[in-house]
Amino acid sequence: MKKVVVIGGGITGLSAAYILQKARESGEKIDYLLVEKDSRLGGKILTEKIDGYIVEGGPDCFLSEKPWVAQMARELGIEHRLMGSNEASKRTYVYADRRLNKLPDGLMGLVPTKLIPFAFSPLISWPGKIRMAFDLFIPPNRTGEDETLGSFVTRRLGKEALDKIAEPLIGGIHAGDPDQMSLKASFPRFIQMEQKYGSLIRAMLAARKNTPKPKPAEPGKAQKTFFMTFIGGMGELTDTITEKLDKSKVLTGKTVTKVEKGPGEKYTVYIDGLEPIEADAVILTAPAHEAAEIVREFDKVMADNLAGIPQATSATVNLAFRRSDIHKPLDAFGFIVPISEKRKIKATTYSSSKWYYRTPGDDYVLIRAFVGGAKNQELVFQDDESMLKMVLNELRDIVGLTAQPVMYKIYRWVKGMPQYTVGHLERVANIEARTAANPGFYVVGGSYRGVGIGDCINVGSQAAEKTLAYLQNSGQRAAASGEY
Ligand SMILES: Cc1cc2nc3c(=O)[nH]c(=O)nc-3n(C[C@H](O)[C@H](O)[C@H](O)COP(=O)(O)OP(=O)(O)OC[C@H]3O[C@@H](n4cnc5c(N)ncnc54)[C@H](O)[C@@H]3O)c2cc1C
């Protein structure tokens, strides 16, 4: 029987294992082992229920425009658990010039598509607004060369739009530095827009015209909103996949130390404290910097390219308060903080305003602050007490919140967010060239072609499908050569 080892039990590895499990159930002669170094599966998806609060340590949502999470939920029978965001709170503030400014209505991506709210917004100065309008006249860059997000936005919309909108809103999602982030790898849509319409504003106006009006939810289905989650948090997704896997095929608390090529067409997987395992195929889903060490002995070029993908460090600080202690309305999804403001938090989500059912009752609120990211990583390494104090000081200064939390929980993500810096696509192409030269060896996950949970499900499932096809073909090759 052919054997596959899946390394890493985050959403990518779980998605791959799920496809292999289904193949087994439908009679394919295949065995698999999912190896995870942590004591739990899920990787960066980590939901905890603490004193009746639903606390998200990592991601709190997925983007509904990518179909793969909803497809997986349907497949797993948990579609009814999907939940849209609370649209009554659908607004975001930007902390700039020592106050919270509402992001103007009609701002799509980066650019204004409604004149009046934008014109009256105090967020961007008048010179800044006029500079943004230059986008209508600046010719597109036709060199085809990659550039950073920072250079692109400054070129098209000006420095103020970069500092107050693009960096906190878009760079913030990746915990990245816009002056390092590759436009081609992270935001290929902006390039298509510039090439097709010659202007981001014209592209967004066209997109707005073509956006269908939101439809009421179908009976029994969640209202589709831009951000979506599960009623019990994102962990419902990884927990349900875990339940579907055969427990004897899952090894947690065990670290893969290296993979070697051979004997023959096989691979040998070394797991800390266990006998090496021979595998016909390997799906490696550990984050790139960890994957680099696993492959270093058998393919140095692949290892160097994997190690060349930087990873940023960040933390989420979840805080619960008595509602009666909060004297300002938490009437938004939260606020973002530009790096140029030199504060110690990057953003704050008002979790119990963005989502329903996050607290033990209406008398409490839950919020979470983000610390760290590419430019402030050192802040993540202080102890819990100092981090809590720092975040409370920031919330006092920014929103005037002076209450003490009734519960708090901090999650640190050291090297937790891959950075798609300029040159990323070449690095990924080099890695893929090396895996193509090693049949049956696949390297996938959030570090390469999309950090979103939907992207990870997609690439993890595809890697498993490719593995199955490869094993079938190699079986046929062996049979033809009379091996068995
Ligand atoms: C704070 C934060 C917020 C985020 N918010 C969102 C969001 O709202 N929406 C969204 O779509 N995405 C979000 N993301 C990104 C998203 O969570 C990740 O891109 C995605 O979960 C990555 O999944 P993965 O399986 O590729 O990697 P991981 O989840 O990192 O899984 C890899 C697994 O490999 C294991 N591993 C590593 N080395 C070894 C080894 N040697 N042996 C065995 N196992 C090993 C690790 O322990 C880990 O469990 C967020 C990320 C972070 C950090």
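First listed ligand is number 1; within each ligand, the first listed atom is number 1. The chain is numbered in sequence order, starting from 1.
- For atom 29 (O) of ligand 1, the nearest non-hydrogen atom from the set Glu56, Lys44, Gln311 belongs to Lys44.
- When atom types are taken as modelled, the side chain of Ser386 and the backbone of Gln382 share no donor-acceptor pair closer than 3.5 angstrom.
- Against a heavy-atom cut-off of under 4.0 Å, Gly452 is close to the following atoms of ligand 1: 11 (O).
- Taking atom 33 (C) of ligand 1 as the reference point, the nearest protein heavy-atom neighbour is Glu36 OE1, 3.5 Å.
- Contact check for Leu46 versus Glu56: no side-chain heavy atoms found under the 4.5 Å cut-off.
- In this structure, Lys346 forms no cation-pi arrangement with Phe370, as its terminal cationic atom is not both closer than 6.0 Å to the ring centre and no more than 45° off the ring axis.
- Under the side-chain hydrogen bond (donor to acceptor under 3.5 Å, both in side chains) test applied with Tyr32, the options Lys3, Gln21, Arg24 reduce to a single match, Gln21.
- Counting protein heavy atoms only, atom 19 (O) of ligand 1 is closest to Val451 O, 2.5 Å.
- Residue contact check: Gly446 has heavy atoms under 4.0 Å from atoms 26 (O) of ligand 1.
- Residue Cys61 has at least one heavy-atom neighbour below 4.0 Å for each of these atoms of ligand 1: 7 (C), 8 (O), 9 (N), 10 (C), 11 (O).
- An N or O contact shorter than 3.5 Å links Val256 to ligand 1 by distance.
- Side-chain contact, Glu394 with Tyr95: no donor N or O sits under 3.5 Å from an acceptor N or O.
- For the pair Ala286 and ligand 1, the shortest N or O to N or O distance does not fall below 3.5 Å.
- Atom numbering of ligand 1 starts at 1 in the shown order; those under 4.0 Å from a heavy atom of Asp60 are 8 (O).
- For ligand 1, one of its N or O atoms has an N or O atom of Lys37 under 3.5 Å away.
- Counting heavy atoms under 4.0 Å from ligand 1, residue Glu290 touches it through the side chain alone.
- Of all the listed residues (Phe62, Trp413, Tyr411), Trp413 holds the heavy atom that lies closest to atom 1 (C) of ligand 1.
- Looking only at atom types and distance, the side chain of Tyr270 has a donor-acceptor partner in the side chain of Glu260 under 3.5 Å away.
- An N or O contact shorter than 3.5 Å links Ile453 to ligand 1 by distance.
- Under the 6.0 Å distance and 45° angle rule, Lys354 counts as a cation-pi partner of Phe227.
- With Glu36 contributing its side chain and Asp38 its backbone, the two residues share a donor-acceptor pair below 3.5 Å.
- Taking a cutoff of 4.0 Å between a charged side-chain nitrogen and a carboxylate oxygen, Glu290 and Lys415 do not qualify as a salt bridge.
- Asp272 has no carboxylate O lying under 4.0 Å from a charged side-chain N of Lys37, or vice versa, which leaves the two without a salt bridge.
- Annotation for Ala463 and Val444: closest pair CB-CG2, 3.9 Å, computed over non-hydrogen atoms.
- The distance from atom CD of Gln419 to atom CE of Met181, rounded to the nearest 0.5 Å, is 6.5 Å.
- From the protein, the heavy atom lying nearest to atom 24 (P) of ligand 1 is Thr12 OG1, 3.3 Å.
- Residue Gly445 has at least one heavy-atom neighbour below 4.0 Å for each of these atoms of ligand 1: 26 (O).
- Residue contacts with ligand 1 for Val35 involve N, CA, C or O but no side-chain atom from C-beta outward (heavy atoms, distance under 4.0 Å).
- The contact set between ligand 1 and Ile294, taken as ligand atoms under 4.0 Å from a residue heavy atom, comprises 41 (N).
- Protein heavy atom nearest atom 52 (C) of ligand 1, with residue, atom name and distance: Met417 CE, 3.9 Å.
- Nearest to atom 22 (C) of ligand 1 by heavy atom, out of Cys456, Gly10, Pro287, Pro59, is Cys456.
- With hydrogens and angles left out, the side-chain atoms of Ser340 and Asp163 include no donor and acceptor closer than 3.5 Å.
- Taking a cut-off of under 4.0 Å to the non-hydrogen atoms of Gly8, the atoms of ligand 1 that pass are 33 (C), 34 (O), 35 (C), 44 (N).
- By the criterion of a heavy-atom distance under 4.0 Å, the backbone of Thr285, and not its side chain, is placed next to ligand 1.
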